[in-house]
Visitor: 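The structure that follows is given in the form of structure tokens.
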Amino acid sequence: MSLDYEKILADYERAKEVYKTFGIDTDEVLKKMKGISISLHCWQGDDVTGFEEATKGMGGGGILATGNYFGRARNGDELRSDLEFAMSLIPGKHKVNLHAIYAETDGKKVDRDELSIDHFEKWLKWAKEKDIGLDFNPTFFAHPKAQSGYTLSSTDKGVRKFWIKHGVKSREIASQIGKELKKTCINNIWIPDGSKDFTAKRYEYRKILKESLDEIFAASVDKTYLVDSVESKLFGIGSEAFVVGSHEFYMGYVFTSKHDIAICFDLGHFHPTESVADKISSVITFSKKVLLHLSRGMRWDSDHVVVLNDEVLSVSQEVKRADAFDRVFFALDFFDASINRITAWVTGARSALKSILYALLEPTHLLNEAENEGDFGKRLALLEEFKTLPFGAVWNKFCYESNVPVGSSWLDKVKEYEDKVLKSRI
Ligand SMILES: C[C@H](O)[C@H](O)[C@@H](O)C(=O)CO
Ligand SMILES: [Mn+2]
């Protein structure tokens with residue numbers, strides 16, 4: 001269903017008046033929205049397969065994309081074309097998040113410890129053409145040297161050395177990507193290390209991980225555009241009893257390191273009743289940057305497509321209430337192979353952006369006023385009133401102004417692309 005411009009505009013003008021009575025200038029909010037970018041994870045497009053011939057389908061590290069929908073991107077050109085198409089349906093200008101396994105090596109075997117910026121030339125050229133930023137992730141899974149379940153915390157010196165070198169190379173690549181594009185490039189380290197069952201060696205593994213990270217971060221790289229970050233996890237498939245890189249471990253690490261390292265919170269990496277939204281203000285109090293991996297855990301870290309749920313909304317509200325959009329970076333992290341992968345990207349990205357818009361439209365000053373007056377009933381009542389403000393009309397205007405389909409009409413375009421492009425990949 002699409003709406004015509006006059007209707008979008010009329011609805012918007014009415015919404016603008018309503019928000020004005022609550023002290024919110026919707027035109028200003030729309031201006032802010034145009035400057036907000038989220039990082040689209042390339043791995044939704046191919047079920048985290050990557051382009052390395054030797055490791056394709058190897059899996060591991062608890063990364064599991066379930067489903068068998070046709071049309072998975074099989075190479076860089078297909079993945080870029082799918083991303084480009086997805087981005088044409090998402091309002092705003094966004095970044096693309098790469099993993100090291102998306103290197104393009106012209107058929108040559110280049111192991112992860114030998115990767116360089118040259119292997120990402122096509123991505124760079126494409127990003128320059130599109131004037132978009134790229135983020136980066138070393139890939140510490142789906143590799144023979146990760147099959148023991150330990151990488152940077154391995155007790156095997158050879159294995160550890162290999163992964164440290166991969167970590168160093170990845171930082172170099174991310175730094176160069178940032179410099180080439182003149183845009184921040186976040187290099188996020190997530191490792192799968194852990195144990196399926198009880199271990200008596202938790203302390204030993206964590207000491208080793210600390211040493212490995214120290215080596216990776218000691219290597220000098222130009223940080224003009226590079227933001228380092230580390231991502232924790234509570235448990236994973238195959239690491240149910242113990243995860244070396246836990247939340248406490250990384251909190252300790254970033255707060256004691258002399259290097260400037262952000263902390264990454266993945267919404268699927270905590271106990272289901274734990275609120276990631278609540279963690280943001282704690283971390284930024286100490287001037288640390290935060291990377292968010294927006295995801296949707298279904299009973300566990302299942303990496304379902306992001307929807308506009310309470311969790312995602314509260315995360316955006318916390319960032320808005322702290323006015324921290326310059327210190328908190330939004331990225332998507334889910335992989336669903338059971339539905340059209342472009343529908344997955346667009347749904348997740350549009351929902352993430354809706355949460356940000358919803359948060360920016362919140363008359364937070366009225367909540368603060370009520371709280372300062374000690375009128376907590378008013379605070380609660382206002383929160384409830386805000387839920388039915390005409391947010392949808394502002395969202396539609398944002399889509400319209402961004403030249404992307406308004407309403408659900410983007411689904412027709414996905415269907416066309418599916419028929420024309422994806423079906424031929426079967
Ligand atoms: C592929 C990603 O790097 C990965 O999903 C990681 O960020 C994660 O969340 C692992 O559970
Ligand atoms: Mn993640």
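Start at 1 and go down the list; that is how both ligands and their atoms are numbered. All values reported here derive from a predicted model rather than from experimental measurement.
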Visitor: So, are Lys233 and Asp266 salt-bridged, with charged N and O less than 4.0 Å apart?
Guide: no
Visitor: Taking 4.0 angstrom as the limit and counting only heavy atoms of Phe335, give me the atoms of ligand 1 inside it, by number and element.
Guide: 5 (O)
Visitor: Show which atoms of ligand 1 fall inside a sub-4.0 Å distance from at least one heavy-atom site of His293.
Guide: 7 (O)
Visitor: Within rounding of 10°, what is the angle whose vertex is the Mn ion (ligand 2) and whose arms end at OD2 of Asp333 and OD2 of Asp266?
Guide: 90°
Visitor: Looking at Lys223, I want to see if its NZ is surrounded by more than 12 non-hydrogen atoms of other residues, nucleotides or ligands under 6.0 Å.
Guide: yes
Visitor: For the Mn ion (ligand 2), find the closest N/O/S atom on Glu231 and give its atom name.
Guide: OE2
Visitor: Pull out every atom of ligand 1 sitting under 4.0 Å from any heavy atom of Asp301, numbered as shown with elements.
Guide: 11 (O)
Visitor: Please determine if the Mn ion (ligand 2) has an N/O/S atom from His293 lying under 2.8 Å away.
Guide: yes
Visitor: Honestly, is Lys413 close enough over Tyr417, meaning NZ or CZ under 6.0 Å from the six-membered ring centre and within 45° of the axis?
Guide: no
Visitor: Tell me the closest heavy-atom pair linking Val346 and Ala86, and the distance in Å.
Guide: CG2-O, 3.8 Å
Visitor: Please confirm whether Trp190 comes within less than 3.5 Å of ligand 1 when only nitrogen or oxygen atoms on both sides are compared.
Guide: no
Visitor: Counting only heavy atoms not in Asp197, do more than 12 fall under 6.0 Å of its CG?
Guide: yes
Visitor: Measure the distance from atom 7 (O) of ligand 1 to every protein heavy atom, then report the residue, atom name and distance (to 0.1 Å) of the closest one.
Guide: Glu231 OE1, 2.7 Å
Visitor: Can you confirm, on distance only, whether ligand 1 has an N/O atom lying under 3.5 Å from any N/O atom belonging to Asp333?
Guide: yes
Visitor: Looking at Asp156 and Lys145, does any basic side-chain N land under 4.0 Å from a carboxylate oxygen?
Guide: no
Visitor: By number and element, which atoms of ligand 1 are closer than 4.0 Å to a non-hydrogen atom of His269?
Guide: 8 (C), 9 (O), 10 (C), 11 (O)
Visitor: Is it true that the side chains of Tyr253 and Asp214 contain a donor and an acceptor less than 3.5 Å apart?
Guide: yes
Visitor: Hey, which atoms in ligand 1 end up nearer than 4.0 Å to a heavy atom of Lys233?
Guide: 10 (C), 11 (O)
Visitor: Say whether Ser295 and His293, considering side chains only, have a donor N or O and an acceptor N or O under 3.5 Å apart.
Guide: no
Visitor: Which protein non-hydrogen atom lies closest to atom 2 (C) of ligand 1, naming both residue and atom, and how far is it?
Guide: His99 NE2, 3.5 Å
